Amino acid sequence: MTQQVLNAIFIGSIYALFAVGYTLVFGVLDVLNLAHSAVFMLGAVVTYSLVALHGMPFLPAAVIAILVCGLLGLLIEFVALRPLRRRNAPPISALISTIGLALIFVAIVEQATSGSLFSWLWQDGANSVRFPTGTVPNPTFHVAGLTIEGTKLGILVISVVLMLVLGYVMRFTQVGRALRAVAENRRAATLLGINVDRIFASTLFVSSALGGLAGLLFGLALSDISPYIGRDQVELKGLAVIVLGGMGSIPGAVLGGYLLGLIEVFAFVRFGSNIEAGVAFAALFLVLVLRPQGLFGARLRERL
Amino acid sequence: MDFFIQLFTDPVGFYNQHELLIAQIGINAILAISIFVTFYSGQLTLANAGFMAIGAYTTVIMSLYLPTPLPVDMLVGALLAAAIGFLVGLPVLRLRGVFLAIATIGFVEALRLGVILNLPITGEGQGLKNPSADPLGGIVPILISVPILTYLVWRLTHTRLGQAWAAIREDELAASSNGINVPAYKMVAFVISALVAGYAGALETHINFFVDPTEYSVTRTIQILTFAVVGGTTNVIGPIVGAVFLTALPEIVRQFAAYRDVVNGIILILVIIFRPQGIVGRGGLAIIAPRWWTRWRTRERAAAAH
Amino acid sequence: MRTVARGIAIALAVALAACGGASSTGTNSSNSYQGKTIQLGAILSITGAGGVYGPSSQKGMDLAVEKINGSGGVNGAKISLDTKDDASDKAQSAQVAQTLIQQGQLLALLGPTLSNSAVAVHPLAESFKIPILAVSTTGIHIVPDCNYPKTDPCKYVFRDSLGEETAIPTNIKVYSEAKHPKTGVLMVANDDKFSSDGGKIVQNTVGSYGIQLLDTVQFSKTTADFATPVTKAVQKKPDVIFITSLGGIPAKIMIEARKQGFTGQFLGGNGFNTAVVSKQAGDAGKGAESGSAWYINNTFASNAGFVQAYRAKYSADPDQFAAQGYAAILILADAAKRANLTFSDTPGDRTKLRDAMESVNIDTPLGRFQFTSNHDVKQTIWVIQMDGNGGFTLVKSVTPS
């Protein structure tokens with residue numbers, strides 16, 4: 001059982017890291033960025049491409065991939081979000097334009113095989129691959145009958161540190177204050193002289209960089225990199241996480257991530273996987289119906 | 001190109017070679033009608049795939065275990081979808097906008113992963129084979145259903161019910177203060193939408209031989225949503241045009257088959273940015289740009305100017 | 001210069017392959033089809049989730065068509081193959097099949113790639129009386145009961161891909177007779193037809209070899225971290241973990257189980273049999289055994305020639321799906337050669353071809369190939385194990401009784 005709690009905490013931190021970027025965009029821009037899962041996937045794919053196809057060491061590859069994902073965030077902002085904002089389209093149109101981008105991102109990777117247009121990025125089509133053995137050292141510790149993996153431990157630490165940093169930035173820095181001002185009241189923020197468009201662009205950049213980081217850590221720790229890791233493994237669960245935590249709330253997304261990890265693992269151990277897969281969505285449904293502000297009680301408008 | 005050349009030079013041959021494609025277009029058109037009804041009343045609900053599943057599974061299970069004639073099975077399937085639509089609607093329809101959309105996604109996935117995968121009677125992950133499937137015979141009821149449903153829903157939008165929906169869509173608050181029972185009218189739209197989706201699910205088992213849980217995921221609902229967005233939802237014809245266009249698209253662009261999803265994605269983005277009213281729509285796309293939203297934004301901006 | 005060298009290499013390889021391949025029985029006319037074309041259609045999943053398999057099948061088929069047309073054709077007739085992508089979608093698969101059938105000139109169909117699509121396409125082909133040869137579907141109720149739950153056999157449906165119903169029990173038998181395991185845990189994806197069919201087969205088989213199934217751990221194929229289900233399985237301390245799943249999942253389970261200290265055996269089915277899975281599993285997969293339709297290092301001429309020609313044309317190793325696709329064209333060519341086709345009466349030709357397929361008995365990369373009376377595969381089964389480096393080694397070959 002203790003092992004299962006460890007498993008839950010680990011998968012929870014992946015969910016949390018993914019969901020933080022997801023919820024950040026919702027909090028600031030009031031739109032659901034459904035291309036976030038595709039950026040998550042590209043974080044893993046770009047790192048893999050640099051390491052396995054272009055022979056780069058892991059760390060610089062990871063940094064480049066995170067930056068690339070940040071830039072993809074800007075692409076999302078300029079192609080799918082800003083034109084809609086210009087004509088005051090409601091948030092639901094952004095839902096659709098980001099679905100469009102997600103379709104494109106996934107299809108490009110899925111269709112890339114050796115000899116095709118994008119073979120510099122990906123050569124394995126719909127297949128799943130993993131980093132070459134030894135890309136990063138992964139010592140496995142066996143303590144008191146428990147298995148603890150080096151990479152997973154590292155990811156746990158990275159996620160917690162990053163989320164603390166993000167929390168600090170949001171609370172105590174000028175950028176954070178500007179971000180929260182925009183989230184709170186776009187109009188008032190404009191009056192205060194905040195460049196709202198620039199805030200939106202940087203939000204997308206940070207959110208997507210975080211999404212890319214979550215993706216590459218996922219690929220590293222779980223030995224699974226494919227065009228579908230975003231869409232199949234985290235997209236809808238990430239939605240459940242940000243609903244559990246209260247849409248737009250960063251601490252909520254973190255807690256929600258760990259909570260979902262625990263709920264899933266306990267449902268699995270107690271009732272078997274038959275139930276596990278449905279649990280996230282049943283929880284999502286119930287929370288929205290009974291407590292739409294999320295489990296942790298932040299009032300809807302006061303978030304981040 | 002061959003696709004169009006044959007369509008115009010040899011329509012009979014075209015029909016014979018593409019019956020199943022035409023049947024699928026018909027199914028998708030019915031699904032588009034289903035999502036149109038909720039859109040028209042100002043609600044973004046994404047539960048259609050779940051109601052399809054209920055209609056489809058009920059029909060197949062009844063044909064497997066009961067001696068009832070097929071039309072009865074399909075009717076029961078559609079009615080059950082409507083009944084469950086009512087139960088789901090009770091708590092869910094209080095939500096709005098993105099929250100309503102997400103809650104209905106939760107319903108679809110919880111139904112698929114939590115229920116269908118766990119009941120022996122639904123065949124769990126293995127799915128069920130439809131013993132009364134008849135792909136080429138199945139096209140007839142589909143081709144009859146599409147115009148009838150289109151007409152009925154078109155009529156409906158011109159009754160008092162339809163006017164109430166439109167009023168709710170344009171301005172819920174104003175509608176409510178004008179004595180319109182908003183929750184009741186929203187519920188009627190949701191239940192009709194569920195009924196139509198359940199019926200489409202029941203019809204589809206007929207041409208597809210088989211039901212399995214992977215067919216009824218959120219992906220399917222998103223596909224239905226794109227019919228409505230691309231076609232436009234100012235009237236019932238829009239979503240149907242969207243369904244016809246997007247279902248036939250893979251055949252039309254077969255030479256780019258590999259990058260079909262790229263084409264799909266580009267179409268979605270272009271339409272939402274440059275033609276938010278859809279291919280067919282005249283004014284603004286109802287739910288994408290309802291008047292109350294623009295009005296509210298204008299008010300907000302006016303306030304900001306002060 | 002390089003293209004010339006390449007051309008020679010291909011020609012040599014093709015000649016080699018021709019020595020072993022397609023030696024037919026009872027050829028009755030040599031050049032009577034001169035100037036005619038044998039038109040075939042294939043429905044494959046080139047894009048979408050089945051995109052892992054479809055392109056391999058396609059490459060194998062294209063290679064075989066090229067080889068046969070390059071060496072005189074079928075009694076002088078050329079083969080033309082029209083391949084259509086179904087995007088791994090059941091509805092599109094049936095639509096494409098219908099279009100191919102109704103165009104009217106095709107003698108036979110191949111495919112579709114996925115079992116879910118086969119469920120829609122095969123009954124359609126059966127109702128139009130056109131032979132259809134499945135090249136990658138391994139699920140249950142493919143042949144002969146394509147109209148399951150109706151039990152009357154489908155007369156026009158064949159397959160040359162080894163079903164899980166044969167592969168898994170053979171694998172369990174070979175391993176049990178060698179190592180006598182006592183206990184096992186089954187790990188099965190429960191939201192995917194291929195996997196849950198495989199799981200049922202394992203459950204029905206283990207008893208006959210005295211293996212006690214301690215637990216069946218079901219999981220969703222969208223599971224992100226397999227640590228949770230694997231912990232559950234490993235804690236039972238089984239001798240064997242059976243894995244019936246697809247894509248990258250078997251590899252992920254093996255990696256996770258080894259990390260958690262599992263030292264026992266992995267057994268599985270067709271889900272293990274691609275180099276991609278072996279490569280992804282790496283060290284963790286070493287020794288994992290499965291029943292396979294094909295083994296790359298078989299040295300008999302019909303396989304060696306195929307592997308060599310494939311490498312020459314595509315600069316990559318073939319896999320099981322390529323071998324089955326290649327074999328499928330050889331099978332249809334052999335049947336066409338003996339069928340006395342008229343090339344004027346298509347429905348009649350389709351039936352003649354079907355009749356001739358029943359008596360196919362040729363050398364293919366899969367080994368000596370025949371159909372059973374149920375139109376299923378009758379061939380040697382190669383029990384193979386992963387070598388830890390992305391390849392496989394042969395454990396044992398089992399000839400059909």
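All chains are named by letter (A, B, ...) in the order of the sequence lines, taking the proteins before the strands, and each is independently numbered beginning at 1. Since the structure is predicted, the reported quantities are computational estimates derived from the model, not experimental observations.
If you measure heavy-atom distances from B:I273 to chain A, the contacts under 4.5 Å come from both the backbone and the side chain. With a 4.5 Å cut-off on non-hydrogen atoms, B:V218 touches chain A through its side chain but not through its backbone. Of the two parts of B:L270, neither the backbone nor the side chain holds a non-hydrogen atom closer than 4.5 Å to a non-hydrogen atom of chain A. Only the side chain of B:L225 comes within contact range of chain A, judged by heavy atoms closer than 4.5 Å. Only the side chain of A:L236 comes within contact range of chain B, with at least one heavy atom under 4.5 Å from a heavy atom of that chain. Proximity to chain B is absent for every atom of A:V106, based on heavy atoms less than 4.5 angstrom apart. Contacts of A:V243 with chain B are made by side-chain atoms alone, with heavy-atom separations under 4.5 Å and no backbone atom involved. Heavy atoms of A:I104 lying under 4.5 Å from chain B belong to its backbone as well as its side chain.
Nearest approach of A:A107 to B:D261, heavy atoms of both residues: CB-CB, 3.5 Å. Taking every heavy atom of both residues into account, B:A103 and A:L284 meet most closely at CA-CD2, 4.2 Å. In plain terms, the two heavy atoms of A:A282 and B:A110 that are nearest each other are N-CB, 3.9 Å.
In this structure, A:P292 and B:L95 have side chains that are in contact, with non-hydrogen atoms separated by less than 4.5 Å. Residues B:P276 and A:R87 have side chains in contact (heavy-atom distance under 4.5 Å, counting atoms from C-beta outward).
Atom CG in A:L103 sits 6.5 Å away from atom CG in B:L268 (nearest 0.5 Å). To the nearest 0.5 Å, the span separating OG on A:S93 from CD1 on B:I272 amounts to 5.0 Å. A distance of 12.5 Å separates CG of B:L111 from CZ of A:F281, quoted to the nearest 0.5 Å. From A:I99, atom CD1 reaches atom CD of B:Q223 across 12.0 Å, with rounding to the nearest 0.5 Å.
Sparse packing is recorded around CG of B:L173, with 12 or fewer heavy atoms of other residues, nucleotides or ligands lying under 6.0 Å away.
Chain B forms more heavy-atom pairs under 4.5 Å with one residue of A:L95, A:V31, A:L286, A:L101 than with any other, namely A:L101. Of the listed residues B:V92, B:T219, B:I102, B:V98, the one with more heavy-atom pairs under 4.5 angstrom with chain A than any other is B:I102.
Ring-plane geometry between B:F107 and A:F285 is classed as tilted, the angle between the planes lying from 30 to 60 degrees on a 0 to 90 degree scale.
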